[in-house]
There are 2 protein chains.
Amino acid sequence: MKDGPDIARIAALIGDPARANMLTALMSGKALTATELSQEAGITLQTASSHLAKLDAGGLLSLRKQGRHKYFSIANDQVAHLLETLMGLAAGSGHLRTRTGPRDEEMRKARVCYNHLAGHMGIVMYESFLRKGFLHVATDDLTLTNTGASFVDGFGIDLKELKAKKSPLCRECLDWSERRSHLAGSLGRSLLARMENLGWAKRVPGSRVVRFTKAGQAEFDATFQR
Amino acid sequence: MKDGPDIARIAALIGDPARANMLTALMSGKALTATELSQEAGITLQTASSHLAKLDAGGLLSLRKQGRHKYFSIANDQVAHLLETLMGLAAGSGHLRTRTGPRDEEMRKARVCYNHLAGHMGIVMYESFLRKGFLHVATDDLTLTNTGASFVDGFGIDLKELKAKKSPLCRECLDWSERRSHLAGSLGRSLLARMENLGWAKRVPGSRVVRFTKAGQAEFDATFQR
DNA sequence: TTCATGGTTCGACCGTAGTCGAAGCATTGT
DNA sequence: ACAATGCTTCGACTACGGTCGAACCATGAA
């Protein structure tokens, strides 16, 4: 009667409001300290500490010590994907916690999801990649084609360095606002970083919103729109 | 600070062991009654009733009354997908609840997942569909090609009837044992039903295992292996 | 050293949610 | 009409887990 893996353990971890808030905050991709996360969740540092220990033990977070700070981040793409899926379902069942406002509009247009570009613009980019044959989509794993590699290279990204890392280069990620896939993985992260670097866009502090400058938007459209 | 949809609500629903067991049981795709589910979870009928009410209110289940019975099933593909993703993560983090045994072997080879074929054979079938050009994979939605339609038709499935229903025809579903996609949606369900009908395979009662007969296996291989 | 800051551990409090017994409806069968 | 079955509601009990204050450890700065 007890088939399969232990779902409840992980779900219960995410099921606490305080922990869910922390995880949601970390979906921006930025590593945050324990104090920052405690504020994010609206609880004291002590409680946050115990929550974070549990999330870490559960394999949902990875942590890095730096001096007397402790930086937490989402453990891997798989966890990020799970969280996005959850958001999709929660959003779909009409239980949006926040009334939709201008901020929400911006979130749907362009936001950061575990350090890569999500929302409408994320999808535009991903589909342009597919249309131009930059990506080869097999059953479940994406690979960068040769033409894709040369584009990425020309865009100013050091592919060799990326490939040296152990985390997967390309990965699909399901968008909760658009319900379609966009590009995740280390390449997805690099692309967003490069755009910030080029001055096309800035992240809005304290939120997941990515705001493009007028010029940046034009550049983006010229590069990916057609 | 409270961006995005309310993840915790849904995660908490899945986070209770009793409810998680029920959901896992329902992943077989069979609709089960409240009493059956209570036994599955090892709790009394009263508690089960309250749990099921919550799962229903949360949009994770759909229910159908028939006489004095009440049949519960997973609400939709999206929920099923979420559960499989959770299983993948739980399995990956090495916290398999059951020691792996012969039953587990069979589960990995062929099992039912929300009424469609999952496990290794599910993936063999799906990849054969892709290789033969039966499916067209766009960004996130799958469509059946003309050649695909004629194959399905020849296999003895009434496509017109399927398309009449409102639930999506083709859908990807991530396999937790293989970590690759297989075919879900109403077509996926029909294909499994047809195989059972042809006598290729039988579901093992009280489990998610699908057991192919020797002849059925041969037919399957001949049809999908190459 | 001493102080300040970031984080953990301990202990105690409290609330919520899971649990079941018992009684109550509803539907089917005889 | 009566009984039997399937499920729900009510009420009471219990336990687990989230919460914070206070004290404690660790690192870095003065």
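Naming: A, B, ... by sequence-line order, numbering from 1 per chain.
The distance from atom CZ of B/Phe72 to atom C1' of D/dG6 is 11 Å, rounded to the nearest whole Å. Nucleotide C/dG6 holds its P atom 14 Å from the CG atom of A/Leu37, rounded to whole Å. Look at OH on B/Tyr71: it is 11 Å from C1' on D/dG6, rounded to the nearest Å. Taking atom CG of B/Asp56 as the reference point, atom P of D/dC7 lies 14 Å away to the nearest angstrom. Remark: P of C/dC20 and CD1 of B/Ile43 are 7 Å apart, rounded to the nearest angstrom. In this structure, NE2 of A/His69 is placed 16 Å from C1' of C/dT8, rounded to the nearest angstrom. Rounded to an integer number of Å, the gap from CD of B/Gln39 to P of D/dC7 is 10 Å. At whole-Å resolution of the value, CG in B/Leu45 and P in D/dC10 are 16 Å apart.
The shortest distance between the side-chain N/O atoms of B/Thr47 and the OP1/OP2 oxygens of C/dC20 is below 4.0 Å. Put simply, A/Lys65 has no side-chain N or O that comes within less than 4.0 Å of OP1 or OP2 on D/dA26. Distances shorter than 4.0 Å separate some side-chain N or O of B/Lys70 from OP1 or OP2 on D/dT8. At D/dT8, one or more side-chain N or O atoms of B/Ser49 fall inside 4.0 Å of OP1 or OP2 (strictly under the cut-off).
The side chain of B/Arg19 has C/dG18 as its nearest neighbour among C/dG18, C/dT19, C/dC20. Checking C/dT19, C/dG7, D/dG18 against every side-chain atom of A/Thr33, the shortest atom distance belongs to C/dG7.
In terms of modelled atom types and a separation under 3.5 Å, the side chain of A/Glu84 and the main chain of A/His81 share no donor-acceptor contact. Side chain of A/Arg19 to main chain of A/Leu13: a donor-acceptor pair is present (N/O by atom type, distance under 3.5 Å, no hydrogens or angles).
Put simply, the side chain of A/Gln46 and the base of C/dG7 share no donor and acceptor less than 3.5 Å apart.
A/Thr47 and A/Thr44 are linked by a side-chain donor-acceptor pair at a separation below 3.5 angstrom, with hydrogens and angles left out of the test.
Nearest heavy atoms, A/Arg208 versus A/Thr24: CD-O, 4.2 Å. A pairwise comparison of heavy atoms in B/Asp6 and A/Ala90 identifies O-CB, 3.6 Å as the closest pair.
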